[in-house]
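What follows is a set of notes on a single structure, which appears directly below.
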Amino acid sequence: MAWTWRFEKSDGTETEPALQPEEFTTQGDAESWIGEYWKELLDGGADQVTLFDDTTKIYGPMSLRAEQAEQAEESGTAAGEA
C-alpha cells in the first residue's frame with residue numbers, strides 16, 4: 001500500500017505542492033508529515049489536501065487553513081468536510 005496526498009486549491013483543482021512528499025507506507029506516517037509541513041504547503045499555494053491509499057480516497061478535502069479546520073471541528077464535522 002502507498003499512502004499519498006493530493007494537494008488542491010480551494011476550488012478543488014490540483015496544484016503542485018511547495019514540498020514534494022514521498023509515498024508513505026502507513027497512514028500515520030502520511031498524517032505526521034502533513035502535520036509537520038502544513039504551513040509550508042499553505043504558503044506554497046495549497047489550500048486543502050486529500051489522503052489516498054493507493055487509488056482509494058480515505059478522507060478529504062481537508063483544509064490547511066487553521067480557522068476553517070477549527071470551525072469544522074466546532075460544528076462536529078471533520079476538517080474540510082463542513
Side-chain angles (χ1 to χ4, degrees):
M1 285 191 251
W3 296 84
T4 58
W5 291 104
R6 173 184 157 105
F7 303 91
E8 303 171 349
K9 299 260 184 216
S10 59
D11 65 3
T13 57
E14 192 167 4
T15 187
E16 279 295 313
L19 302 170
Q20 196 61 37
E22 59 194 86
E23 287 187 348
F24 303 96
T25 56
T26 68
Q27 182 175 352
D29 288 345
E31 290 171 339
S32 292
W33 185 87
I34 208 77
E36 189 171 336
Y37 294 108
W38 69 271
K39 289 179 185 174
E40 290 90 336
L41 295 165
L42 183 60
D43 290 344
D47 295 307
Q48 59 193 26
V49 293
T50 300
L51 182 63
F52 288 87
D53 179 7
D54 289 324
T55 59
T56 303
K57 179 180 170 181
I58 303 303
Y59 62 79
M62 178 179 70
S63 177
L64 295 175
R65 298 185 181 281
E67 66 274 5
Q68 291 174 354
E70 288 171 10
Q71 289 171 358
E73 201 172 281
E74 288 170 5
S75 69
T77 61
E81 295 179 5

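When a residue number appears, it is its place in the shown sequence, counting from 1.
- A side-chain donor from one of Asp29 and Thr26 sits under 3.5 Å from a side-chain acceptor of the other.
- Looking at Asp47 and Leu64, their side chains never come closer than 4.5 Å, going by heavy atoms from C-beta outward.
- For Thr55, there are no side-chain hydrogen bond (donor to acceptor under 3.5 Å, both in side chains) partners two or more places apart in sequence or in a different chain.
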Practice prompt. Before giving the answer on side-chain contact (heavy atoms from CB on, under 4.5 Å), spell out for Tyr59 and Gln27 the whole-Å C-alpha distance, their side-chain angles and the decisive distance to 0.1 Å.
Written response: CA-CA 11 Å; Tyr59 62 79; Gln27 182 175 352; 3.7 Å; yes
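- Annotation for Ser63 and Arg65: closest pair OG-N, 3.0 Å, computed over non-hydrogen atoms.
- Listed by chain and residue number, Phe7, Lys9, Ala46 satisfy the side-chain contact (heavy atoms from CB on, under 4.5 Å) test with Thr15 (two or more places apart in sequence, or in another chain).
- Leu51 has its side chain out of reach of Phe24: every pair of non-hydrogen atoms, C-beta onward, lies at least 4.5 Å apart.
- Shown here are the side-chain contact (heavy atoms from CB on, under 4.5 Å) partners of Gln20, two or more places apart in sequence or in another chain: Glu16, Pro17.
- Not counting sequence neighbours, Glu22 has no partner by the side-chain hydrogen bond (donor to acceptor under 3.5 Å, both in side chains) test.
- With values rounded to the nearest 0.5 angstrom, Gln48 atom CD is found 13.0 Å from Leu41 atom CG.
- Shown here are the side-chain contact (heavy atoms from CB on, under 4.5 Å) partners of Ala18, two or more places apart in sequence or in another chain: there are none.
- To the nearest 0.5 Å, atoms CE (Met62) and CD (Glu8) are separated by 11.0 Å.
- A donor-acceptor distance shorter than 3.5 angstrom exists from the side chain of Trp5 to the backbone of Ala30, with no hydrogens or angles considered.
- The line from OH of Tyr37 to CG of Asp43 is 14.5 Å long, rounded to the nearest 0.5 Å.
- A distance-only check finds a donor-acceptor pair linking the side chain of Asp54 to the backbone of Ala2 [under 3.5 Å].
- Legend: residues meeting side-chain contact (heavy atoms from CB on, under 4.5 Å) with Thr4, ordered by chain and number and at least two apart, are Glu23, Phe52.
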